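Okay, structure first, notes after.
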Amino acid sequence: MDEKAPILSLPSEPRSFGFFVEGAWLDAGDRKIMERESPAHEVPVTRIPLCTAADLDRAVTAARAAFEDRRWSGLSGAERAAVLSKAAAGIRARVDELAYWETLENGKPIAQSRGEVEGAAGIYDYAAGAARMLHGDTFNNLGDKMLGLVTREPIGVVGLITPWNFPFFILSERVPFVLAAGCTIVAKPSEFTSATSLIMADILADAGLPAGVYNVVPGLGAEVGQAMTEHADIDMVSFTGSSRVGRSAIQAASGNFKKLGLELGGKNPQIVFADADLDDAADGVAFGLAFNTGQCCVSGSRLVVEASIADDFTARLSEKLAKVRVGDPLDPATQVGAITTDAQNATILDYIAAGQAAGATLVTGGASIDRGKGRFIAPTLFAGVTRDMTIAREEIFGPVLSVFPFATPDEAIAIANDTNYGLAASIWTKDIDKAIQTSRRVQAGRVWVNCTITGGPELPIGGFKQSGWGRETGIYGVEEYTQIKSVHIELGKRDPWIA
Ligand code: NAD
């Protein structure tokens, strides 16, 4: 972070986008326009067409044609890798632009947006390698007359539905892997944050991606998203968003039995043992709570802390949280920006009120921060929370943490696993046995030991229980976008059936 860098200025007028199908930009025409206001500044920043189900059909037709004529899937892994590497360079060349529009639409700090965009470029680099590594298997043990091959084939046309919390990063945890596998894409970003998914269309085209392989149809979830999950000519949908909509996607996808990847919500424990480096742990828990204003699927929203240190640790944590720089996301020194949508802001404040009404003790935060304009909420800590309270059970998707003291490791595990979700968990201890034993027993797709919300594209991400189906990123992530074919090859003259 460059704390002396100047605060960026707002755009003089909103940037208008079309939508992208078959390698060409299409004008909004008479479609409704979503005029998006910056959540921090309350000025219009982008104008995005709200596409229709007919627009989606057009994009699916383009993606289907591009898939069937093998203009992309027929290329070698090396050729696909070359495009993905160029896309990585293309992202790096446009970091400032991508980060700026991401911050304006989402409200996250500009330094964070830059980090996410640079990280996204690295994911394309990794996926370029994965395109060349993808392989099947052989069975040479079937006797002299038979050879067995297991081949991986791209699954086909993939629909991507993404949320507003990490618009570009989540897109980039999907697109290069889908492309590495040889599939074609129709993307529907969140209606609140479409700009960077649209800009990516130019970057991919400039990198040499053939027309029709990456199409973007911005629009409302209830219209374009719903039509996408129902669409008979889409082979797989990767949906990232709430468990509520994920559940409805399961029903919608049943029409043509399309495969679904689901990356859903979380209620993630931060388990702190008394033998942890408590300063590190407090810093990490503060980060896990306040990063992206808690609007992270993997946000650490339940502090499960050893009873002997609970009071001391809570006090340390409050001190840390008081120092978090919440403010203008266009200021490079800001650590936490604005709440992305009005509805989310209201939801978080409702949960805070529900915690107080249920008798939980507010330790710090608990209110909006008035900056004249924009929606900001102070990182909030509740003690005295019982496991049946709403704030203990539901995903808040905001900077609100509940504290649960535990007496024994078994109790820590019981509290940590007492949720329908299973996305992520963090463990803080200097005892290697405790760290490994706890990581084995905690029900979560991602476990962090003495760290939180970190990692790279090498390791897969995804959830246990109601946090989702399937995995994204890593070689596992590419494989999700393939299907397996078994090939039996008989050698020489057949043993006759009819004499
Ligand atoms: P959301 O479920 O409201 O929306 C997600 C996407 O689905 C958006 O593009 C939206 O337009 C679309 N959508 C809405 N209704 C739809 C429908 N009926 N059919 C198909 N698509 C529809 O979620 P959100 O508010 O954008 O994001 C917050 C949620 O996302 C949180 O629950 C969070 O935990 C989850 N999330 C999960 C991960 C993960 O990797 N597990 C990552 C980020 C966010």
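Everything quoted here is computed from the prediction, not taken from an experiment. First listed ligand is number 1; within each ligand, the first listed atom is number 1.
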If you measure every N/O of [X] against every N/O of ligand 1, is any gap under 3.5 Å?
X      : value
Gly241 : yes
Thr240 : no
Pro163 : no
Lys188 : yes
Thr229 : no
Trp164 : yes
Arg244 : no

In the protein, which heavy atom is nearest to [atom], and how far is it?
atom                    : value
atom 9 (O) of ligand 1  : Thr162 O, 2.7 Å
atom 36 (N) of ligand 1 : Cys297 CB, 3.6 Å
atom 44 (C) of ligand 1 : Asn165 ND2, 3.3 Å
atom 32 (O) of ligand 1 : Glu395 OE1, 2.6 Å

Can you list everything that forms a ring pair (Phe, Tyr, Trp, His ring centres under 6.0 Å) with Phe20? Sequence neighbours excluded, please.
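Per chain and number, Phe20 pairs via ring pair (Phe, Tyr, Trp, His ring centres under 6.0 Å) with Trp25.
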
Counting N and O atoms only, with roles assigned by atom type, does the side chain of [X] sit under 3.5 Å from a partner on the main chain of [Y], one being a donor and the other an acceptor?
X      : Y      : answer
Thr482 : Glu479 : yes
Lys465 : Ala444 : no
Ser85  : Ala81  : yes
Thr229 : Gln226 : yes

Evaluate salt bridge (charged side-chain N to carboxylate O under 4.0 Å, His left out) for Arg375 paired with Asp342, printing each intermediate quantity in order.
CA-CA 8 Å; Arg375 302 178 284 263; Asp342 264 337; 2.8 Å; yes

Can you check whether Phe169 and Trp164 have ring centres sitting under 6.0 Å from each other?
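Ring centroids of Phe169 and Trp164 are no less than 6.0 Å from each other.
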
Atoms of ligand 1 close to Ile170 [distance to a heavy atom under 4.0 angstrom, numbered from 1]:
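With Ile170 as reference, the close atoms of ligand 1 come out as 42 (C), 43 (C).
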
Provide the number and element of each atom of ligand 1 under 4.0 Å from a heavy atom of Gly225.
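Near Gly225, the atoms of ligand 1 are 19 (N), 20 (C), 21 (N).
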
Among the heavy atoms of Phe239, does any lie under 4.0 Å from an atom of ligand 1?
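Contact present.
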
Can a non-hydrogen atom of Gly468 be found less than 4.0 Å from any atom of ligand 1?
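Per 4.0 Å heavy-atom rule, Gly468 does not contact ligand 1.
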
Can you list the steps and then say if Gln112 with Asn292 is a side chain to side chain donor-acceptor pair (under 3.5 Å)?
CA-CA 9 Å; Gln112 184 188 325; Asn292 214 46; 2.9 Å; yes

Just heavy atoms, cut-off under 4.0 Å: does Met228 contact ligand 1 by side chain, backbone, both, or neither?
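Neither part.
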
Does NZ or CZ of Arg371 come closer than 6.0 Å to the centre of the six-membered ring of Phe376, within 45° of the ring's axis?
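Because its charged atom sits under 6.0 Å from the ring centre and within 45° of the axis, Arg371 does stack over Phe376.
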
In chain order, what residues pass the side chain to side chain donor-acceptor pair (under 3.5 Å) check against Asn420, with sequence neighbours excluded?
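For Asn420 there are no side chain to side chain donor-acceptor pair (under 3.5 Å) partners, ignoring immediate neighbours.
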
Checking contacts now, so for atom 41 (N) of ligand 1, which I'm interested in, is there any protein heavy atom under 4.0 Å?
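Within 4.0 Å of atom 41 (N) of ligand 1, protein heavy atoms are found.
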
